[in-house]
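When a ligand or atom number is given, it counts from 1 through the structure's own listing order. These figures come from a predicted structure and were not determined experimentally. These values consider heavy atoms only, across backbone and side chains, with no hydrogens, waters or symmetry-generated copies.
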Amino acid sequence: MPKECRRKTSKDLGLPGTVVNIEGSRLERRPAGKSTKICDELIEKAAQLAPSSASGAPTVMDERRVPQVTITPEGGGSSREMQQEDWDDAVDGSLRRKLSNSSISSTGSSVVESEDDLLSDNESKSKGIVTLEHLVDTGESKPWWKLKTLVHWPFSATQRRKLNWVQLAGHKGNFKAADEGTILKKFSENEMQCFEKLKGDALLSFVPGYHGVVEKDGESFLHMTDLLANFDLPSVMDCKMGIRTYLEEELVRARERPKPREDLYKKMVEVDSEGPTPQEHSQCGVTKPRYMQWRESMSSTNTLGFRIEGIKKCDGTCRTDFKKTRSKQDVILVFRDFVGGNFNIIKSYLRRLTEIQQALKMSEFFKQHEVIGSSLLFIHDHTGNAQVWIIDFGKTTALPEGQTLNHDIPWQEGNREDGYLWGLENLIHTLESVSSEGSSEETFCSVSNSQSTETDGQ
Ligand SMILES: Nc1ncnc2c1ncn2[C@@H]1O[C@H](COP(=O)(O)OP(=O)(O)OP(=O)(O)O)[C@@H](O)[C@H]1O
Ligand SMILES: O=P(O)(O)O[C@@H]1[C@H](O)[C@H](O)[C@@H](OP(=O)(O)O)[C@H](OP(=O)(O)O)[C@H]1O
């Protein structure tokens with residue numbers, strides 16, 4: 001992501017207790033205690049409205065509730081909003097916590113900026129359900145945006161609109177709602193180039209539809225298909241792929257100009273007070289690659305070549321506390337919980353993953369790119385619809401002409417290997433284990449059912 005896309009928090013702007021909406025006006029921030037209560041109410045109400053299949057069973061892992069964020073909505077309603085309106089009503093009004101839409105952004109990620117960057121903070125990270133502001137024609141005489149690669153923009157409304165949406169990773173404010181079934185993501189040159197190159201590639205049907213670049217007030221966005229649009233109260237999981245989550249160039253830069261970051265130090269200490277070295281403790285800071293490597297070693301990135309970033313279930317609960325979900329068995333438990341014991345969903349996911357695996361092996365794009373920080377987005381709902389998509393090309397970079405990657409051999413600095421295919425294979429094996437546990441449970445159930453029937457009959 002270009003450095004200028006980084007945004008300051010209200011704290012940075014010297015506005016404690018206030019936030020700034022996109023029009024620049026100050027908004028009230030509710031006290032933290034109140035928003036936690038609000039969040040609990042929200043989740044309870046959403047849970048009441050959710051299909052019973054997901055709400056009944058006890059969860060395998062501790063279900064920590066995370067703050068739900070809403071960004072200053074104003075009127076309007078698209079068909080998708082209408083579908084969500086009941087849910088929305090239940091969580092509307094005082095249940096909303098207003099936050100800035102101008103938080104720090106890492107869209108397009110850190111190809112050039114991360115180590116030189118201003119600080120990030122936990123408040124700026126998205127952890128679940130957000131309400132996206134809708135960028136449509138506001139009725140101004142002169143259109144405030146200009147389409148660069150899309151000739152016709154299908155304007156269908158004249159008001160700002162809102163869209164309840166799920167953002168499991170990345171920074172708040174990186175996404176906006178667009179016309180029906182589409183969203184806008186903050187522009188990154190890198191990601192844009194990837195989408196352009198993917199147009200004729202074997203991976204095309206596994207990435208979100210790309211509809212070009214749009215601009216507003218000098219700010220650019222990538223216009224893409226909203227993968228959640230065709231789901232009804234979807235459950236969503238973000239799995240970050242690969243054995244490495246930082247670019248080699250980030251490593252080089254950190255070596256040349258180490259910039260310890262206090263926010264990353266704090267995030268590390270929160271998970272493991274013994275994580276930082278004595279030197280890092282004394283300077284209260286860790287460099288970005290050091291933090292990223294630590295994250296990889298705590299989670300399943302190093303051991304399995306992928307890690308779970310976040311989950312939102314159909315009952316409205318969101319979790320992003322997977323920093324220590326490391327072993328295959330840990331991941332199996334999370335997936336079982338995610339699908340609510342519905343092993344048919346796992347089977348559908350497995351079919352899709354196998355298709356993705358085949359497409360990756362055919363893909364020229366994949367051969368020629370180091371794929372870092374990209375995720376697989378798992379989405380299913382109560383209808384049994386289950387899909388997996390490849391998202392986030394912010395840190396996917398082209399190799400020099402003529403060079404290719406295997407994606408399944410160990411990384412050594414300089415070879416740029418990312419372990420993507422190795423991670424995918426492990427992910428498939430992990431889901432196969434979930435699926436076979438399901439099959440044996442089904443067998444066990446039908447055997448014990450028939451035994452009890454026989455006993456009843458005696
Ligand atoms: N096309 C899409 N349709 C639906 N949801 C999406 C789409 N793209 C992204 N998301 C949601 O937004 C989240 C963040 O997406 P993405 O990883 O692309 O953002 P990012 O800001 O680049 O993140 P990071 O800073 O971690 O690199 C995903 O976890 C997913 O929940
Ligand atoms: O998941 P965590 O523990 O919150 O850590 C973040 C995560 O690794 C992101 O992938 C990374 O953004 P990029 O992928 O864009 O580098 C971000 O760096 P940042 O703080 O520099 O945005 C980290 O803080």
* Structure fact -> With heavy atoms and a 4.0 Å threshold, my read on which part of Thr245 contacts ligand 2 is neither

* Would you say Glu309 has any N or O atom under 3.5 Å from an N or O of ligand 2, going by distance alone? -> no

* Are the charged groups of Lys266 and Glu270 less than 4.0 angstrom apart, N to O? -> no

* To do: Would you mind listing every ring-ring contact (aromatic ring centres under 6.0 Å, His included) that reaches into residues 253-286, with sequence neighbours excluded?
  => Tyr265-His281

* Please name all residues satisfying salt bridge (charged side-chain N to carboxylate O under 4.0 Å, His left out) with Arg255, sequence neighbours left out, ordered by chain then number. => Glu413

* Structure fact -> So for Phe175 against ligand 1, with non-hydrogen atoms under 4.0 Å, the contacting part is side chain

* At under 4.0 Å between heavy atoms, which part of Tyr291 makes contact with ligand 2: side chain, backbone, both or neither? -> side chain

* Could you tell me whether some N/O pair between Gln167 and ligand 1 is separated by less than 3.5 angstrom? => no

* Inspect the contact between Glu280 and Arg290 and indicate whether a charged nitrogen and a carboxylate oxygen are less than 4.0 angstrom apart. => yes

* Using a strict cut-off of 4.0 Å, indicate which atoms of ligand 2 neighbour a heavy atom of Leu264. => 24 (O)

* In ligand 1, which numbered atoms sit nearer than 4.0 Å to a non-hydrogen atom of Ile391? -> 9 (C), 28 (C)

* N or O contact, Val236 vs ligand 1, cut-off under 3.5 Å -> no

* Asked: Are Glu309 and Arg295 ion-paired here, with the side-chain N under 4.0 Å from a carboxylate O?
  -> yes

* Pick from Arg295, Glu270, Lys395, Met298: the one approaching atom 1 (O) of ligand 2 most closely through a non-hydrogen atom -> Arg295

* At the 4.0 Å heavy-atom cut-off, does Ile372 count as touching ligand 2? -> no

* Basic-acidic side-chain contact under 4.0 Å: Glu364, Lys367 -> yes

* To do: Check each atom of ligand 2 against the heavy atoms of Lys323 and keep those under 4.0 Å away; list them by number with element.
  => 3 (O)

* Should one rank Lys267, Arg261, Lys240 by closest heavy-atom distance to atom 5 (O) of ligand 2, which comes out on top? -> Lys267

* Which part of Pro208 is near ligand 1, with near meaning a heavy atom under 4.0 Å away: side chain, backbone, both or neither? -> side chain

* Are Leu421 and Phe366 close enough that some pair of their side-chain heavy atoms sits under 4.5 Å apart? -> yes

* To do: For Ala169, counting its heavy atoms only, list the atoms of ligand 1 lying under 4.0 Å from any of them.
  => 13 (C), 14 (C), 29 (O)

* To do: Return the option from Thr320, Ile372, Asp226, Thr225 holding the heavy atom at the smallest distance from atom 1 (N) of ligand 1.
  => Thr225

* **Side-chain heavy-atom pair Phe393, Gln193 within 4.5 angstrom cut-off** => no

* **Options Leu376, Ile311, Ile183, ranked by nearest heavy atom to atom 2 (C) of ligand 1, top entry** => Ile183

* Is the closest heavy atom of Trp165 to ligand 1 under 4.0 Å? -> yes

* Element-labelled atoms of ligand 1 that are located less than 4.0 Å from some non-hydrogen atom of Met224 -> 1 (N)

* **Distance filter under 4.0 Å to His171 heavy atoms, resulting ligand 2 atoms** => 22 (O)

* **Close N or O approach (Leu168, ligand 1; < 3.5 Å)** => yes

* Structure fact -> Numbered in order shown, the ligand 1 atoms found under 4.0 Å of a heavy atom of Asn174 are 21 (O)

* Would you mind listing which atoms of ligand 1 come within a distance below 4.0 Å of any non-hydrogen atom of Asp238? => 28 (C), 29 (O)

* To do: Considering only NZ, NE, NH1 and NH2 on the basic side and carboxylate oxygens on the acidic side, decide whether Lys288 and Glu250 come within less than 4.0 Å.
  => yes

* May I ask you to say whether Asp272 pairs ionically with Lys323, meaning some side-chain N is under 4.0 Å from a carboxylate O? => no

* Distance only, no hydrogens: is a donor on one side chain within 3.5 Å (strictly under) of an acceptor on the other, for His211 and Thr225? -> yes

* Asked: So does Arg307 pair up with Glu296, basic N to acidic O under 4.0 Å?
  -> no

* Say whether Lys185, considering both its backbone and side-chain N or O atoms, lies within less than 3.5 Å of an N or O atom on ligand 1. => yes

* Asked: Side chains of Leu228 and Trp165: closer than 4.5 Å at any heavy-atom pair?
  -> yes

* Asked: Any N or O of Glu191 that comes nearer than 3.5 Å to an N or O of ligand 1?
  -> no

* Asked: Just by distance, do the side chain of Ser375 and the backbone of Leu377 share a donor-acceptor pair under 3.5 Å?
  -> no

* Atoms of ligand 1, numbered as shown, that sit under 4.0 Å from any heavy atom of Val166 -> 11 (C), 31 (O)

* Is ligand 1 under 4.0 Å from a heavy atom in the side chain of Leu227, in the backbone, in both, or in neither? -> both

* Thinking salt bridges, do Asp392 and Lys185 make one under a 4.0 Å N-O criterion? -> yes

